[in-house]
Amino acid sequence: MPELPEVEVVRRGLADHVLDRTITEVSVAHPRAVRRHVAGAADFAARLAGRTVTGVRRRGKYLWLDLDGGSEGEDAVLAHLGMSGQMLVADAGRPDETHLRVRIRFADDGPQLRFVDQRTFGGLSLHPLVPAAGGGVLPEPVAHIARDPMDPAFDLDAAVAGIRRRRTGLKRALLDQTVVSGIGNIYADEALWRSRLHGARPTERLTRAQGRAVLTAATDVMGDALRAGGTSFDALYVNVNGASGYFDRSLAVYGQVDRPCPRCGTPVRREPFMNRSSYSCPRCQPRPRTPHP
DNA sequence: AATGAGGCCTGGTTGC
DNA sequence: TGCAACCAGGCCTCAT
């Protein structure tokens with residue numbers, strides 16, 4: 001559920017609350033939450049102590065805190081929220097959350113940063129910053145992730161070309177984070193609906209104009225969602241203060257099976273897709289005659 | 001090489 | 001009523 005808009009809401013919250021603060025102590029309550037830190041939980045905690053947060057950045061659905069050099073060189077705490085990860089800014093006296101995985105305390109004795117994650121698909125890890133192909137520096141595991149549509153250097157035509165080079169269905173291509181990042185199941189369905197395209201359309205038969213249309217729609221819908229504070233279906237996605245977003249009220253098709261298409265009134269359909277679901281309007285988004293399987 | 005399927009997780013919901 | 005099956009789904013690993 002946390003896709004680009006939700007992660008950006010969290011990034012902004014962290015920029016407001018942890019930037020320029022110095023970490024004193026880190027405790028890992030569940031080792032799975034730091035499994036991508038190969039040196040282990042103790043190493044993770046030890047390396048963070050004494051470091052100062054100098055930046056809060058994001059690419060696609062990845063989020064990271066830049067750390068000052070210290071004795072380790074400049075690197076970053078990388079966070080992925082997975083399905084149910086939350087970054088909460090919490091006063092020390094607040095009771096621990098049921099699924100609290102990592103707690104970060106700061107030298108100023110101000111609010112803690114807590115990583116809470118029911119399903120533990122997400123996690124934290126520490127990585128060196130490496131030069132990125134298109135300029136700038138990124139945490140190592142993010143190097144293969146494409147720029148997202150809110151990146152000032154995002155190249156729409158290059159992304160369209162990337163999609164059209166794939167030999168798959170359009171929705172699969174939209175979800176491929178190495179082509180364009182930040183789009184998940186919700187915003188893929190909403191972008192396809194806005195551009196009146198079916199997700200099973202083979203990418204080799206997508207025109208450049210259609211490619212630009214669907215990516216522009218994705219950019220627009222994610223921008224709308226960001227302004228609404230993100231999409232929350234339940235308490236699993238919240239901002240750093242624990243508040244939900246309200247873009248779920250504006251979804252045209254995602255999760256809206258049998259409800260009327262906001263454009264033409266035809267009941268929204270649900271179709272199986274990669275062991276999950278896709279939502280679309282049967283009239284606005286006719287299934288292609290030769291769909292990609 | 002590129003594509004696609006399977007596995008990882010937990011809690012809420014559905015169905016028998 | 002109680003329990004099992006199912007569902008949510010991003011991303012990594014592995015097979016083809």
Side-chain angles (χ1 to χ4, degrees), chain A residues 1-8 10 28-38 58-64 78-87 97-102 115-125 127 138-146 148 161-192 199-204 206 218 222 225 230-238 244-245 247-248 251 253-258 270-279 291-293:
Chain A
M1 317 245 210
E3 303 181 26
L4 187 155
E6 293 76 31
V7 179
E8 176 61 16
V10 173
V28 177
H30 196 312
R32 184 174 154 78
V34 294
R35 67 194 178 286
R36 294 191 182 92
H37 188 83
V38 289
R58 180 189 59 74
R59 172 170 286 196
K61 303 169 194 172
Y62 283 91
L63 180 69
W64 64 94
L78 182 64
H80 198 290
L81 303 180
M83 268 286 291
S84 54
Q86 306 174 342
M87 295 286 246
E97 293 76 9
T98 305
H99 303 292
L100 175 65
R101 308 306 191 192
V102 179
F115 179 68
V116 176
D117 190 5
Q118 178 198 102
R119 296 175 207 174
T120 61
F121 277 25
L124 306 183
S125 47
H127 304 278
L138 297 171
E140 258 171 351
V142 183
H144 70 291
I145 301 294
D148 61 68
I163 288 175
R164 295 175 80 240
R165 262 197 305 276
R166 298 289 312 276
R167 287 298 170 260
T168 186
L170 175 55
K171 182 168 173 180
R172 279 181 181 275
L174 291 175
L175 296 177
D176 185 339
Q177 304 297 302
T178 68
V179 177
V180 52
S181 69
I183 303 173
N185 204 34
I186 297 171
Y187 299 113
D189 279 2
E190 294 296 306
L192 288 164
R201 171 181 289 265
T203 49
E204 65 261 41
L206 189 76
M222 291 194 292
T231 299
S232 312
F233 297 113
D234 48 34
L236 283 188
Y237 162 70
V238 293
S244 295
F247 192 70
D248 59 305
L251 294 172
V253 288
Y254 185 84
Q256 308 298 309
V257 64
D258 292 337
R270 180 167 70 89
E271 296 173 296
F273 172 77
M274 295 171 72
N275 286 327
R276 45 194 67 116
S277 296
S278 284
Y279 300 88
H292 192 279

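Predicted, not measured: the structure shown is a model, and the values here were computed from it. Sequence lines set the chain letters: A, B, ... in the order given, protein chains first and strands last, and positions in each chain run from 1.
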Exercise. Hey, does the side-chain of A/Arg119 have a donor or acceptor N/O within less than 3.5 Å of a partner on the base of C/dA8?
Worked result: yes

Considering only side-chain heavy atoms of [X], which listed nucleotide, [options], is closest?
X        : options              : answer
A/Tyr279 : C/dC11, C/dA8, B/dT3 : C/dA8
A/Arg172 : C/dG10, B/dG6, B/dG4 : B/dG4
A/Arg32  : C/dA8, C/dG10, B/dC9 : B/dC9

Residue-phosphate contact under 4.0 Å: [X] side-chain N/O, [N] OP1/OP2:
X        : N      : value
A/Ser277 : C/dA8  : yes
A/His99  : B/dG11 : yes
A/Arg276 : C/dC7  : no
A/Thr168 : B/dG4  : yes

Problem set entry | Between P of B/dA1 and NE2 of A/His144, the distance in whole Å |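 It works out to 17 Å between those atoms.
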
Exercise. Using a cut-off of 4.0 Å on non-hydrogen atoms, how would the nucleic acid contact of A/Tyr62 be classed: base, sugar-phosphate, or nothing?
Worked result: sugar-phosphate

Exercise. Hey, does A/His292 reach any base, or is it just sugar-phosphate, or nothing, if we go heavy atoms under 4.0 Å?
Worked result: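 Sugar-phosphate, backbone atoms only, no base.
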
Exercise. What distance separates A/Arg32 CZ from A/Asp117 CG, expressed to the nearest 0.5 Å?
Worked result: 8.5 Å

Exercise. Hey, is the main chain of A/Gly60 close enough, under 3.5 Å, to the side chain of A/Gln177 for a donor-acceptor pair?
Worked result: no

Problem set entry | Within-4.5 Å side-chain heavy-atom neighbours: A/Leu4 and A/Tyr187 |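 They are not in contact (no side-chain heavy atoms under 4.5 Å apart), so the answer is no.
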
Exercise. Side-chain contact, heavy-atom cut-off 4.5 Å: A/Met87 with A/Leu81?
Worked result: yes

For this session: Please tell me which of A/Asn275 and A/Asp176 maps to the more 5' nucleotide of DNA chain B, matching each residue to the nucleotide holding its nearest heavy atom.
Result: A/Asp176

